[in-house]
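I have placed the structure first, in the form of structure tokens, so that the comments after it can refer back to it.
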There are 2 protein chains.
Amino acid sequence: MIVFTMKKATAKAKPQPPSGKTPMRTRILDASLAVVREKGYAAATVDDLCAKAGVTKGAFFHHFDSKEALGVAAADYWSQLTGELFKGAPYHRHADPLDRFLGYIDFRGELLQGKVPEFTCLVGTMVQETYETHPAIRDACQRSIFGHAREVAKDIEAAKKIHAPHAAWTAESLALHTQAVLQGSFILAKAEGSVAVAADGVAHLRRYVEFLFQKNQTGKTNQ
Amino acid sequence: MIVFTMKKATAKAKPQPPSGKTPMRTRILDASLAVVREKGYAAATVDDLCAKAGVTKGAFFHHFDSKEALGVAAADYWSQLTGELFKGAPYHRHADPLDRFLGYIDFRGELLQGKVPEFTCLVGTMVQETYETHPAIRDACQRSIFGHAREVAKDIEAAKKIHAPHAAWTAESLALHTQAVLQGSFILAKAEGSVAVAADGVAHLRRYVEFLFQKNQTGKTNQ
DNA sequence: TGAAAAATACCAACTAGTTGGTATGATCGT
DNA sequence: ACGATCATACCAACTAGTTGGTATTTTTCA
């Protein structure tokens, strides 16, 4: 009495073995990151997520009240993961906050590796589809993007005090612009199917920051 | 024998009267722009589009072979509409190509009016969801974005020859970066539910361009 | 300590409603 | 009369979410 539960040709039966003892909730969240970044929130069915995570629907709805709740949790999980990633990144070693900010930009450039769904931003993808229809997800994405920008803004603010105290722009605004360039570059990369255009965008952003801080030389400072 | 065809609470029965004699195909395309920009491609059901256009399903599938074909047609229609919009825009009056490019940026800033779904980009929204799952739509979006960038690049190229002939960056790359800033600013605006952050992004872009062309004054040149 | 009680974690099968798409017929201009 | 345009009725597959139940862990308290 074998029962075929695979109903869609697109549903790949990959039980995904990311270490056998990962808690189910985390497995579902990890699967959601992958699937949503690949096909978007709306097109990612609960069955897709379960198949990718190697989990049954019962388990899914035990951990999440609804698909929307999963969306919110995925955005929060993304905030946590990226927060840890950037917290542990090497650019924080620099003594000068401007070098830290430029190091951050370079670090973002280095993250542009692999295939498109692997380096693009989950919350940037999700908020495009959900900003009108799922306010809870929109808010979670807002927290993720703007919270991250607030962290970056700390270095920018310090750098501004030292290197450009009288500039007209605000640190917050420049941090958000940085996020906008990255998000937009991801869109172009998706349209082209290539990472090169995104790397170009990061290069333009770096040059802009060098201009803002009157650093017209190459920018390669200490060490 | 009244038949209730409204099945969803979200389906607003707006037969939408955009002039009675608009051809059906165009009505469907116009409706698609509105609905897809609001909720994305995947979440926009065929019934949604028909309801918004005031058209039956039979008419829909008479004009479009599939939902995917509608997506491609909508992207092409978007290219046509935006092409005409920018072709008729006032910034082309300027004699200096740099003024035309700066005028283009200002024009993009002026387009940031109304509610979020009204000024955001259809193809930027669609390509995020479809780049892996619907190659035909992805390609149509790619043509729209990169084709538009190619138009903008003409003025940049001419401006570069005059004002910054030895610069390291290419006109094409700067044109694409311009699109990236806009697309990314739309994402931030969606996350915030506000246009202000997008306007900030455009201001940063303008300052960058002024830097690139050594125009450190306010940029208000002839007339 | 240790067994009973109570959460918690999970599962397979099911459901009510939705989805993109179709079959067939009506209407219209020429 | 006839092809193009549109309307109605319909469908098979899919969708988010439920159900009733079992396994496992945690808590309670004698």
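Chain letters run A, B, ... following the sequence lines, proteins first and then strands; every chain starts at 1.
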Original post:
Side chain of B/Lys57, base of C/dG21: donor and acceptor closer than 3.5 Å?
Top reply: yes
Original post:
Is the cationic atom of B/Lys67 (NZ for Lys, CZ for Arg) positioned less than 6.0 Å from the six-membered ring centroid of B/Phe60 and within 45 degrees of its normal?
Top reply: no
**OP:** Starting from P on D/dA16, measure out to CG on A/Leu49 and report it in whole angstrom.
**Re:** 8 Å
Subject >> Spacing of B/Phe61 atom CZ relative to D/dC10 atom C1', expressed in whole Å >> reply: 14 Å
**OP:** May I have the distance from B/Met24 (atom CE) to C/dC28 (atom P), rounded to whole angstrom?
**Re:** 13 Å
Subject >> Side-chain heavy-atom pair A/Thr178, A/Tyr104 within 4.5 angstrom cut-off >> reply: yes
Original post:
How close do A/Tyr41 and A/Val36 get, heavy atom to heavy atom, and via which atoms?
Top reply: N-CG1, 3.8 Å
Subject >> For B/Gly40 against B/Glu129, the heavy-atom pair lying closest together >> reply: CA-OE2, 3.2 Å
**OP:** Specify the separation, in whole Å, of atom CZ of A/Phe60 and atom P of D/dT18.
**Re:** 12 Å
**OP:** Using whole Å, report how far CD1 of B/Ile28 lies from P of D/dT5.
**Re:** 12 Å
Original post:
Tell me: NE2 of B/His134 to P of C/dG20, nearest whole Å?
Top reply: 10 Å
Original post:
Nearest-Å distance, CG (A/Asp47) to P (D/dA13)?
Top reply: 16 Å
Original post:
Whole Å only: how far is the CG atom of B/Leu70 from the C1' atom of C/dG20?
Top reply: 12 Å
**OP:** Ignoring backbone atoms, establish whether A/His63 has a side-chain N or O less than 4.0 Å from OP1 or OP2 of C/dT8.
**Re:** no
**OP:** Would you indicate, yes or no, if C/dA9 has its OP1 or OP2 atom less than 4.0 angstrom from a side-chain nitrogen or oxygen of A/His62?
**Re:** yes
